[in-house]
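Read through the structure below, which is laid out as structure tokens, and then see the notes.
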Amino acid sequence: MINKEVKSALEACQGIKSGMTLMLGGFGLCGIPENCISALVEMKVNDLTCISNNAGVDDFGLGLLLKQRQIKKMISSYVGENDEFERQMLSGELEVDLIPQGSLAERCRAGGAGIPAFFTPAGYGTEVGEGKEVREFNGKPHILEQALLADFAIVKAWKGDTAGNLIYKGTARNFNPPMAMAGKITIAEVEELVQPGELDPNHVHTPGIFVQRIFKGQKFEKRIEQRTVITKDH
Amino acid sequence: MINKEVKSALEACQGIKSGMTLMLGGFGLCGIPENCISALVEMKVNDLTCISNNAGVDDFGLGLLLKQRQIKKMISSYVGENDEFERQMLSGELEVDLIPQGSLAERCRAGGAGIPAFFTPAGYGTEVGEGKEVREFNGKPHILEQALLADFAIVKAWKGDTAGNLIYKGTARNFNPPMAMAGKITIAEVEELVQPGELDPNHVHTPGIFVQRIFKGQKFEKRIEQRTVITKDH
Amino acid sequence: MSLDKNGIAKRIAQELIDGWYVNLGIGIPTLVANHIPKGINVEFQSENGILGMGPFPFDGEEDADLINAGKQTITALPGAVYFDSSTSFSMIRGQHVQLTVLGAMEVSENGDIANWKIPGKMVKGMGGAMDLVASADNIIVAMMHTNKAGESKLLEQCSLPLTGVNCVKKVVTNLAVMEILPEGGFKLIERAPGVSVEQIIKATRGKLIVDAEVPEMVL
Amino acid sequence: MSLDKNGIAKRIAQELIDGWYVNLGIGIPTLVANHIPKGINVEFQSENGILGMGPFPFDGEEDADLINAGKQTITALPGAVYFDSSTSFSMIRGQHVQLTVLGAMEVSENGDIANWKIPGKMVKGMGGAMDLVASADNIIVAMMHTNKAGESKLLEQCSLPLTGVNCVKKVVTNLAVMEILPEGGFKLIERAPGVSVEQIIKATRGKLIVDAEVPEMVL
């Protein structure tokens with residue numbers, strides 16, 4: 001097997017430069033590559049275009065990069081869970097491209113799958129469809145959407161092996177698999193890193209071919225954004 | 001959970017009528033829905049359009065339907081491993097539409113995913129590309145391919161639960177997951193049928209939402225097409 | 001007496017059909033899960049990647065790796081399954097999800113919906129709403145009949161930027177149930193208990209089609 | 001002395017680069033796996049759905065659920081992974097597979113390849129070949145220099161229906177290694193041991209570009 005293990009987030013992020021386009025997995029704060037985000041904060045690269053479904057909160061996730069003004073442009077489906085984001089967006093410092101969530105996921109997958117463009121009904125007749133080619137299929141109008149690719153895709157998985165095979169847990173999977181496919185270089189941070197042969201080959205979600213670097217994250221805070229519980233008394 | 005269990009292949013195939021379009025999972029003889037094919041032989045429905053990567057051998061797989069002249073048209077990427085197929089094709093009794101394997105898989109997935117058409121480089125400049133729209137992306141010509149859908153998709157999995165969740169084994173997965181997505185009605189035959197909660201929700205390959213009927217196959221021959229082995233003496 | 005949010009949810013729950021997969025939006029739609037009629041089995045899909053979503057977890061049992069599209073901690077029922085975002089929207093776009101219930105700021109008499117953007121205000125994004133409304137065969141909007149200023153949210157044309165065109169099939173508000181006809185117009189189907197047809201007419205700006213007899217909801 | 005099939009495979013194996021994912025077609029290409037140079041780690045992809053393909057199983061240990069794209073029983077190495085056909089061709093189309101080695105009936109001097117159909121003969125289909133040749137950055141054709149009738153398979157233009165256009169980068173035959181130049185033409189890189197430049201010129205119908213010195217292969 002091809003060994004892709006690196007020792008740290010900083011080593012994994014080597015080569016990420018100011019002005020690059022990054023994809024970052026996660027939905028809200030769930031399944032985000034915390035360790036690589038910390039490394040990017042430390043590396044102080046800026047002018048980044050970040051493709052990520054959300055933009056974190058003020059003191060966690062991509063909010064940490066926003067605070068240091070490292071992000072030039074966000075490509076997301078839902079943002080603004082943090083004040084600094086809102087301030088930068090309203091002041092025009094931050095460019096924001098909003099994309100329907102399903103189109104965002106599919107555009108990443110398409111990028112990784114060598115499909116340069118596809119038709120989808122989502123966004124037709126709205127400002128998302130403006131300027132895009134419209135075509136009817138089965139009597140229903142669709143718009144043509146283009147694939148997305150990134151210089152680096154950064155994903156977070158539960159378990160991985162040194163050959164880059166990844167298994168995610170629960171809904172922390174989300175955007176990680178399609179984005180893992182779409183990085184020119186894909187970095188995976190995992191909670192548990194094992195040797196090839198220790199993961200069941202039937203149960204791997206992201207085949208190692210899509211991953212160029214993998215490391216065991218030093219620390220996972222896994223912050224919860226909306227803690228909703230029922231009390232046992234009920 | 002929604003219970004999709006039926007008791008037999010015949011019950012699962014109820015509603016399949018002459019003239020319909022079927023998708024059948026499998027690659028060669030690996031991972032094919034043997035039990036449903038037997039049911040179709042028994043039901044004697046004909047004029048079928050079968051979308052399947054291959055067409056079986058003379059006395060197994062889709063070859064059994066060919067022998068009874070139940071198939072009007074095959075949509076496949078590689079065929080002709082059996083004499084009866086060749087005879088019917090050369091005599092013009094059987095219509096054959098050959099599609100590049102990757103385009104076939106992606107067209108099925110697209111059908112299931114509500115993507116009516118997509119661009120791919122495969123087949124450009126060949127007879128597969130004739131009459132299809134050509135467009136350049138990143139300096140490379142691509143052709144527009146349309147989604148495929150079927151009246152019934154019939155797949156074979158290793159394990160399943162009564163909610164329709166499926167897990168495949170080894171390379172018997174192949175075309176089964178994309179085809180499972182693309183049936184108006186999808187039938188799954190499994191080697192082992194369990195109750196909801198017995199499969200790890202992280203390890204399900206085909207979510208139950210894509211499956212309308214599921215049953216435990218009575219018998220799986222799992223014939224091997226090319227037995228290649230090395231002897232232990234070596 | 002008009003319905004409260006739970007009443008709207010309860011009325012929408014009557015639309016559920018055994019065997020359906022359902023996506024519930026944030027707000028009133030989420031409450032629908034509390035009112036599933038007896039004998040009806042449905043499964044809830046959340047577009048961040050779960051089918052078979054269960055109730056909130058007990059205090060102390062929440063799992064950061066298990067949330068819904070509203071980012072709330074949830075549980076998974078036996079038979080649940082997790083998947084990635086691309087697969088999730090394959091389910092939605094491919095019409096495998098039979099019903100979508102979502103809130104709206106405005107609905108027009110031809111089924112257009114606006115629910116993601118108010119010009120001049122902070123825009124948070126459409127999330128999965130545009131995919132959901134462009135795809136589902138059955139879209140029910142759950143909302144109050146009028147906004148906070150007392151103005152009708154059922155209009156001839158939406159004034160806000162659209163989320164989708166020609167897609168809403170039914171609207172359930174605190175006052176009424178209305179079907180949107182293929183040729184356009186809100187056809188009044190039911191009144192909320194104690195609400196008069198006149199009240200509904202007064203609160204509706206788009207074309208309202210009223211038959212002689214409009215039954216009261218049975219909740 | 002021209003190379004046998006194993007010799008061609010051995011020469012192609014020298015092209016492998018550490019860390020590459022490789023798809024080997026049926027026939028001579030399959031033999032490449034037997035000649036991986038020491039110190040080089042590559043993984044073999046088979047388009048029916050496995051990465052990390054190992055050798056054939058021991059007699060009695062074959063598994064009907066574990067085959068390669070040639071439908072032969074195989075084994076999986078530790079770290080292998082299985083996937084569906086759509087994911088498999090995502091790897092191929094998305095250029096995650098760094099090298100494709102396949103056989104051909106004809107190759108033209110501008111990199112066109114024909115390897116799936118002979119008019120008038122039974123057509124079995126292209127399988128995954130059209131996806132592979134349209135996608136890979138590196139395509140090496142492994143074949144005999146001439147066909148059974150002694151005619152060159154390296155032509156100005158293919159006479160058979162094409163599998164792909166402008167895609168082959170290198171050809172390794174029993175006589176020679178040739179690069180196909182971006183502007184067209186087979187550039188002779190190496191001769192098989194004991195084979196003269198004249199022999200190669202004689203066996204090649206397409207434009208052959210020959211430098212003063214053409215080294216002999218070192219196998």
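Chain A is the first sequence line, chain B the second, and so forth, proteins listed ahead of strands; every chain is numbered from 1.
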Non-hydrogen atoms of chain B under 4.5 Å away: do they reach the side chain of [X], the backbone, both or neither?
X: D:Ala114; result: neither
X: D:Thr75; result: neither
X: D:Asn68; result: backbone
X: D:Pro57; result: both
X: D:Glu61; result: side chain
X: D:Leu66; result: both
X: D:Val123; result: both

Segment of [X] engaging chain D (4.5 angstrom heavy-atom cut-off):
X: B:Arg109; value: side chain
X: B:Leu104; value: neither
X: B:Met89; value: side chain
X: B:Phe85; value: side chain
X: B:Asn176; value: neither

- request: Dump the intermediate steps for ring-ring contact (aromatic ring centres under 6.0 Å, His included) on B:Phe137 and B:Phe119, then the final yes or no.
  value: CA-CA 9 Å; B:Phe137 294 91; B:Phe119 285 97; 5.0 Å; yes
Hey, is [X] close enough to [Y] for a salt bridge, meaning N to O under 4.0 Å?
X: B:Arg135; Y: B:Glu133; value: yes
X: B:Lys67; Y: B:Glu84; value: no
X: B:Arg69; Y: B:Glu93; value: yes
X: B:Glu127; Y: D:Lys117; value: yes
X: D:Asp84; Y: B:Arg173; value: no

Among [options], single out the residue with the greatest number of heavy-atom pairs under 4.5 Å to chain B.
options: D:Gly128, D:Gly60, D:Gly49, D:Ser90; answer: D:Gly128
options: D:Ala76, D:Ala129, D:Gly164, D:Ala69; answer: D:Ala69
options: D:Gly125, D:Ala64, D:Gly127; answer: D:Gly127
options: D:Asp65, D:Thr163, D:Ile92, D:Asp59; answer: D:Asp65
options: D:Ile50, D:Leu162, D:Asp131; answer: D:Asp131

query: Centre of B:Tyr124's six-membered ring, under 6.0 Å away, within 45 degrees of the axis: is that where NZ or CZ of B:Lys140 sits?
result: no
Just give me the residue among [options] that pairs up with chain D most often, heavy atom to heavy atom, under 4.5 Å.
options: B:Ile99, B:Asn54, B:Leu90; value: B:Ile99
options: B:Gly129, B:Ala55, B:Gly170; value: B:Gly170
options: B:Pro141, B:Gly123, B:Pro121; value: B:Pro121
options: B:His205, B:Arg223, B:Glu81; value: B:Glu81
options: B:Ala122, B:Ser77, B:Gly125; value: B:Ser77
options: B:Ser103, B:Ser76, B:Cys108, B:Gly31; value: B:Ser103

query: So, D:Gln45 and D:Ser88: side-chain donor and acceptor under 3.5 Å apart, yes or no?
result: yes
task: Establish, from distance only, whether the side-chain atoms of D:Glu106 and D:Ser159 form a donor-acceptor pair under 3.5 Å.
output: yes
task: Check D:Asn110, D:Val107, D:Asn166 against D:Ile180 for a side-chain contact (heavy atoms from CB on, under 4.5 Å) and give me the one that passes.
output: D:Val107
Answer yes or no: does atom [atom1] of [X] have more than 12 heavy-atom neighbours from other residues, nucleotides or ligands under 6.0 Å?
X: B:Asn138; atom1: CG; result: no
X: D:Lys10; atom1: NZ; result: no
X: B:Glu221; atom1: CD; result: yes

Distance in Å, D:Leu154 CG paired with D:Leu208 CG, rounded so as to fall on 0.5 Å steps: 8.5 Å
